[in-house]
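The shown structure was predicted, so the numbers you read here are calculated from the model rather than taken from an experiment. In what follows, every chain begins at residue 1, and chains take the letters A, B, ... in the order their sequences are listed.
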Amino acid sequence: MKSYDHSAIEKKWQDKWEKDELYHTPDAAEGKENRYVLVEFPYPSGDLHIGHWYAFAVPDIYARYLTMLGHNVLYPIGFDSFGLPAENAAIKRGLDPRKWTYDNIDTMSEQLKSMGNTFDWSRKVVTSDPEYYKWTQWLFLQLFAREIAYKKLCTVNWCDSCKTVLANEQIVNGECERCGGAIAKKVLDQWYFWITKYADRLLEDLDELDWPQEIKDAQREWIGKSNGAALTFAVKDADDAIEVFTTRPDTLYGATYMVLAPEHPYVAKWKDRILNWDEVDAYMQATTRKKELDRKEAKEKTGVELKGVMAINPATKEEIPIWIADYVLATYGTGAVMAVPAHDERDFAFAQTFGLPIREVVREVVGTPLPDAHNTDAVFGVVRKKGSKKILVQYNPLTKLYRLPGGTIEKSDADERETLAREIHEEVGLEGVTVGDYVAQVYAHFSPPQKDENWTRTVSLYEVDATDAKEVATQRTKDEEQLEHMWLTPDEAVRKFDQNPVEYGEGALLKRYVQNTCFTGAGETINSGDFSGQKTEEAKTAITEHVGGELTVQYRLRDWLLSRQRYWGCPIPIVYDPEGKAHPVPDEHLPWTLPDDVDFTPTGEAPLAKSNELKERTEKLFGKGWTPEVDTMDTFVDSSWYFLRYLDPHNDTEFSPKDKQEKWMPVDRYSGGAEHTTMHLLYSRFFHKALFDLGLVTSKEPYSTRMSRGLILGPDGAKMSKSKGNVINPDEHVARVGADTVKMYLAFIGPFNEVGQYPWDLGGIAGIRRFLERVWGLQDAVSDVLDSDEIQLLVHQTVQKVGDDVAAFKFNTAISATMILVNALEKEDAVSKQTYETLVCILAPFAPHQTEELWQRLGHETSIHLEDWPSYDEQRIAQASVTIAVQVNGKTRGTFTAAPDSDKEELIAAAKALDNVASHLEGVSIKREIVVPDRLINFVVI
RNA sequence: GCCCGGGUGGUGGAACUGGUAGACACGCGAGACUUAAAAUUUCGUGACCGAAAGGUCGUGCGGGUUCAAUUCCCGCCCCGGGCACCA
């Protein structure tokens with residue numbers, strides 16, 4: 001046997017495969033179903049790193065497995081080759097971005113080929129090729145014709161270091177997603193895609209997709225749908241009306257003031273009416289200076305009242321003040337809110353800071369209604385003394401209940417305050433307390449412990465000052481005789497109430513009081529005129545209708561800003577007439593090529609504006625005074641449809657013919673990075689839906705299954721980056737141990753379809769190399785023998801396990817199963833040719849070069865990659881003997897083997913016969929015998 | 001704060017539907033081969049007790065359900081990701 005010379009083998013077969021066009025994928029193959037396996041195509045940054053290997057070589061295992069199962073599998077590759085790095089490298093090193101990009105594509109193509117994947121290179125797609133971007137432009141124009149691409153003047157996010165605008169999705173924690181640079185606001189006339197029109201469909205269609213829950217959740221959150229109402233507040237002595245969006249129209253009666261975003265147009269409009277303009281103006285200036293990030297992190301509420309302007313609450317008809325505050329964002333909803341401090345955390349905090357009125361209009365309902373309940377009202381107090389934080393709490397050792405002092409309101413009481421003062425006097429013997437502010441109420445249903453009765457009551461809470469109270473004798477009723485009273489810190493008190501076996505309502509109120517929060521949940525309306533006593537859900541509709549509002553929906557999602565003030569991108573195929581109106585570049589002039597005569601040093605102005613060629617081209621074609629659009633497209637436009645182009649990459653008359661789409665789309669498995677969840681993945685879904693509406697694509701969704709792959713970290717456990725110097729270059733490892741080993745090691749490291757993080761560990765790779773050497777060495781053991789029953793069974797089991805695991809992208813456990821088989825085969829003196837061939841076949845997707853070589857050595861003249869996946873005998877696996885564990889009281893005391901489906905009594909007898917089991921059963925009596933078929937017996941003894 | 005993941009030996013990770021926790025691999029230790037080292041190979045390797053047989057403990061922490069819990073339930077802690085003054 002020759003030793004395993006990976007470099008000779010890998011070179012030999014890569015050349016042969018290319019010559020034979022082994023991985024050329026036809027659009028259809030006789031008797032085979034099509035499968036489309038997609039991985040996110042790379043940006044040609046220069047060198048391939050180990051992460052690329054992980055992304056491209058490992059899913060190849062799956063593609064090869066599907067092929068062996070008899071499918072016609074498309075596993076394409078291309079380059080997402082427009083984008084900033086080319087331009088930045090060009091600026092830094094004085095290179096041509098086109099040359100830089102295409103040189104990198106050449107280098108990376110060679111590196112990608114060294115993986116030995118089943119990529120069909122004849123279908124390669126390069127987004128910066130005019131033959132590709134011609135169709136990007138054509139698609140843009142289709143969307144322009146339907147007004148899904150439109151231009152508008154708007155405040156945009158500007159990255160000062162990238163010198164371009166960015167879409168919302170490209171801002172992470174208030175910084176540029178690409179460079180981490182600061183984001184400024186600018187008002188610019190820019191191109192957008194009307195993605196918000198598709199918000200609902202992007203949301204709803206997620207339900208049908210076989211995608212991981214976390215990706216669906218993240219997209220749902222990003223779209224951020226909220227149901228509510230649009231309400232209008234009239235402004236006193238003015239024609240203006242303030243539109244607000246609220247998710248809580250049921251709390252309208254509690255709207256005691258309004259807040260506008262400082263940027264709201266009314267603020268400037270009312271300049272002459274506002275009495276404290278200087279103050280307002282100063283606040284507006286301060287807000288402009290504050291970064292978005294600061295506004296988010298600021299906890300303390302700030303704001304200024306617009307004095308001299310009042311709004312009218314449409315429900316109560318009361319005049320309410322209008323404030324401006326930076327907690328209201330200009331970019332969400334209408335940039336104005338109705339403030340309901342009793343039922344919104346932010347309004348609550350704001351009202352407390354500025355002493356604005358808080359009106360409770362919803363009460364919490366505690367417990368569920370019980371039959372034949374006594375109906376009463378009760379009042380309780382948070383009793384404190386000045387200078388102490390402690391709260392007076394009563395404990396009843398018989399019922400094990402902590403209670404606040406207070407009680408039922410009697411008919412003879414003048415009001416709640418009097419009731420409370422009286423109860424405190426009687427129960428705890430404090431005379432002369434001052435009942436202070438009302439806090440809140442709840443509606444409670446409960447059943448007191450040790451009593452056969454039900455209660456329903458309104459429970460109100462007041463602050464009580466006992467500083468000047470005198471201690472006197474208590475006048476307790478029989479029920480109250482056991483009460484102990486104690487002073488507890490607020491936190492202790494809350495904890496005690498949490499332990500109460502029954503919630504009387506005071507606990508919920510006390511907790512809210514101690515934590516200084518308001519009630520933001522659903523409940524029952526109060527203090528709401530005719531609408532009092534309704535469930536909040538019902539009141540939402542009723543109150544909205546009553547004030548002439550409208551139930552509406554708001555989204556967090558913003559339209560997709562696609563203009564970029566950079567050079568190396570797809571030109572937007574739009575020209576402007578002398579009046580400045582936008583016109584599409586007619587199809588016959590596509591591709592609308594990217595000019596070469598451009599100084600692309602970023603200045604903030606689009607580089608294409610400096611191209612004379614583009615200017616002249618435009619005037620020549622359209623006439624004097626016509627000007628070209630000079631912005632280029634966001635590269636996420638290029639990547640929103642590339643998977644459609646793979647189907648027919650060189651088609652000159654169609655972007656992607658529908659008959660081919662019908663053969664391949666939607667993509668069966670799409671694997672990529674988790675960072676694209678709310679970028680590429682969302683954009684391309686939108687784009688696809690827009691094309692679907694135009695009748696250009698055949699499926700509503702582009703990808704039926706999506707998986708997020710894990711991340712390969714540097715050896716130091718940190719994310720690989722050139723600046724950290726922890727980037728692993730795969731080439732040297734491929735040269736040293738071979739492509740098959742590198743690929744298999746990456747597959748072995750952990751489950752592929754989970755968002756894990758794997759530090760690159762050189763040690764581990766040796767184990768895989770050793771394994772492949774042992775597989776190689778086993779060829780010497782092949783001879784004309786009949787394998788033992790055990791070996792034959794193991795082969796069947798392994799074929800089954802490997803297939804199942806690969807189908808589930810659990811390559812790690814699939815490899816482990818082949819290792820178990822190899823370990824067993826090595827212990828044999830000889831291995832049958834049939835068994836060895838089966839082993840080589842199931843390893844073919846993992847180690848395509850080595851297995852191809854072995855296949856040839858075994859005497860085959862055709863490629864192993866044209867072989868069928870080995871079959872296995874299910875019957876035989878099912879009949880294999882099973883190991884039964886024997887437990888005594890749940891502790892395993894031994895095992896034995898038995899035939900599957902053995903008789904219960906026989907199994908029990910066999911179990912009892914085990915020495916160690918027998919010794920544990922001695923002197924005790926068996927209470928129960930639990931038999932789990934084919935698995936386990938448990939003797940429960942006493 | 002809200003919404004998702006996750007926490008298992010020295011390490012990466014395994015464990016069907018609740019049924020022998022730690023498969024497989026790395027690393028480590030001891031032995032063989034070798035003048036030696038590497039490579040290869042044999043054995044061992046969760047912790048503790050024990051010569052062994054075997055026993056006790058053990059899947060982030062605390063409770064619970066169950067004959068039986070990494071798996072289910074309740075309450076926490078920590079890590080990763082998403083969203084976030086979103087009205």
Side-chain angles (χ1 to χ4, degrees), chain A residues 172-173 212-226 228-229 244-248 251 258-259 261 295-301 325-329 331-340 343-347 349-350 498 517 554-557 674-675 677-678 708 711 745 748-751 754-768 770-771 773-774 777 804 810 812-820 822-823 826 883-895 915-916 919-920 927-941:
Chain A
V172 178
N173 295 327
Q213 198 56 42
E214 62 268 21
I215 299 184
K216 293 188 184 186
D217 287 343
Q219 287 210 350
R220 285 195 183 105
E221 259 169 35
W222 186 263
I223 295 166
K225 180 177 183 170
S226 49
V244 300
F245 172 75
T246 176
T247 55
R248 295 297 302 273
T251 63
M258 299 194 80
V259 188
R295 279 177 76 164
K296 271 181 197 162
E297 280 167 1
K299 282 173 214 109
E300 265 125 63
K301 295 278 182 291
D326 63 8
Y327 83 89
V328 173
L329 305 176
T331 50
Y332 184 79
T334 60
V337 301
M338 65 178 214
V340 184
H343 304 293
D344 180 279
E345 299 279 0
R346 296 149 301 172
D347 298 341
F350 192 80
D498 275 344
T517 55
Q554 272 291 325
Y555 300 94
R556 210 192 73 89
L557 185 72
E675 69 276 17
T677 299
T678 53
S708 289
L711 194 65
Y745 171 61
F748 188 58
I749 210 164
E754 286 173 22
V755 194
Q757 304 205 326
Y758 306 105
W760 177 256
D761 170 23
L762 263 185
I765 205 166
I768 295 291
R770 270 202 283 274
F771 172 69
E773 279 171 7
R774 287 161 63 202
D804 290 352
K810 290 181 178 173
N812 54 336
T813 48
I815 292 170
S816 132
T818 63
M819 286 172 166
I820 291 168
V822 168
N823 288 348
E826 276 191 332
T883 306
I884 311 274
V886 185
Q887 298 183 332
V888 177
N889 275 353
K891 291 201 162 81
T892 305
R893 299 301 181 185
T895 62
D915 285 352
N916 197 37
S919 70
H920 278 92
K927 215 171 76 182
R928 261 177 90 180
E929 289 166 343
I930 288 152
V931 180
V932 182
D934 296 347
R935 282 195 188 279
L936 165 143
I937 293 167
N938 189 11
F939 296 108
V940 183
V941 303

Nearest-nucleotide comparison on RNA chain B, the residue closer to the 5′ end among A:Glu773 and A:Phe939: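 In this pair, the answer is A:Glu773.
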In terms of the nearest nucleotide of RNA chain B, which residue is placed more toward the 5' end: A:Gly767 or A:Ile215? A:Ile215
For the pair made of [atom1] in [X] and [atom2] in [N], what is the distance, rounded to whole Å?
X: A:Tyr327; N: B:rG1; atom1: OH; atom2: P; result: 21 Å
X: A:Met258; N: B:rC85; atom1: CE; atom2: C1'; result: 17 Å
X: A:Ile223; N: B:rC83; atom1: CD1; atom2: P; result: 13 Å
X: A:Phe771; N: B:rU41; atom1: CZ; atom2: P; result: 13 Å
X: A:Phe350; N: B:rC85; atom1: CZ; atom2: C1'; result: 12 Å
X: A:Glu300; N: B:rC85; atom1: CD; atom2: P; result: 17 Å
X: A:Trp222; N: B:rG81; atom1: CH2; atom2: P; result: 16 Å
X: A:Tyr555; N: B:rC83; atom1: OH; atom2: C1'; result: 18 Å

Using a heavy-atom cut-off of under 4.0 Å over every strand shown, decide if [X] touches base, sugar-phosphate, or nothing.
X: A:Asn916; result: sugar-phosphate
X: A:Lys927; result: nothing
X: A:Gly224; result: nothing
X: A:Glu214; result: sugar-phosphate
X: A:Val337; result: base
X: A:His343; result: nothing

Take atom [atom1] in [N] and the same atom in [M], then report the distance between them in whole Å.
N: B:rA14; M: B:rU66; atom1: C1'; answer: 25 Å
N: B:rG13; M: B:rA21; atom1: C1'; answer: 13 Å
N: B:rA52; M: B:rU59; atom1: C1'; answer: 29 Å
N: B:rC26; M: B:rU41; atom1: P; answer: 10 Å
N: B:rG22; M: B:rG54; atom1: P; answer: 16 Å
N: B:rU20; M: B:rG58; atom1: C1'; answer: 15 Å
N: B:rG10; M: B:rA23; atom1: P; answer: 14 Å
N: B:rU17; M: B:rG12; atom1: P; answer: 24 Å

Rounding to 0.5 Å, atoms CG (A:Asn916) and OG1 (A:Thr892) come to a distance of 10.5 Å
List for me each residue that meets salt bridge (Lys or Arg N to Asp or Glu O under 4.0 Å) alongside [X], sequence neighbours excluded, and say none if there are none.
X: A:Glu214; result: none
X: A:Glu675; result: none
X: A:Lys927; result: none

Who pairs with A:Glu929 by side-chain hydrogen bond (donor to acceptor under 3.5 Å, both in side chains), at least two apart in sequence or on another chain?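 Counting only residues at least two positions away or on another chain, A:Glu929 forms a side-chain hydrogen bond (donor to acceptor under 3.5 Å, both in side chains) with A:Lys912.
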For B:rG9, measure the glycosidic angle (O4'-C1'-N9-C4 for a purine, O4'-C1'-N1-C2 for a pyrimidine) and name it syn if it falls within 90° of 0, otherwise anti. syn
Short side-chain N/O contact to [N] OP1/OP2 from [X], under 4.0 Å:
X: A:Lys216; N: B:rG82; result: no
X: A:Arg770; N: B:rA39; result: no
X: A:Arg346; N: B:rA87; result: no
X: A:Ser226; N: B:rA87; result: yes
X: A:Arg220; N: B:rC2; result: no
X: A:His920; N: B:rG54; result: no

[N] pairs with which nucleotide, Watson-Crick or G-U wobble, both distances below 3.5 Å?
N: B:rU56; result: B:rA47
N: B:rG1; result: B:rC83
N: B:rU40; result: B:rA32
N: B:rC61; result: B:rG75
N: B:rU20; result: none

So if I take every side-chain heavy atom of A:Glu221 and compare against B:rG55, B:rC83, B:rA87, which nucleotide ends up nearest?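 The nucleotide sitting nearest to the side chain is B:rC83.
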Less than 4.5 Å apart, side chain to side chain, heavy atoms only: is that true for [X] and [Y]?
X: A:Val886; Y: A:Arg893; value: no
X: A:Asp347; Y: A:Met338; value: no
X: A:Phe939; Y: A:Ile930; value: no

Ignoring hydrogens and angles, state whether a donor on the side chain of A:Arg774 or A:Asn823 is under 3.5 Å from an acceptor on the partner side chain. yes
Is the cationic atom of A:Lys225 (NZ for Lys, CZ for Arg) positioned less than 6.0 Å from the six-membered ring centroid of A:Tyr555 and within 45 degrees of its normal?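 No - A:Lys225 does not lie over the ring of A:Tyr555 by the 6.0 Å and 45° rule.
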Walk along nucleotides 7-24 of chain B from 5' to 3' and tag each nucleotide B, S or - by protein heavy-atom contact under 4.0 Å, base first, then sugar-phosphate. -----BSS-B--BB--BB
hbond_proxy A:Lys301 side chain to B:rC85 base (donor-acceptor, 3.5 Å cutoff): yes
Residues that A:Phe748 engages under ring pair (Phe, Tyr, Trp, His ring centres under 6.0 Å), provided they are two or more places apart: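 Not a single residue meets the ring pair (Phe, Tyr, Trp, His ring centres under 6.0 Å) criterion with A:Phe748.
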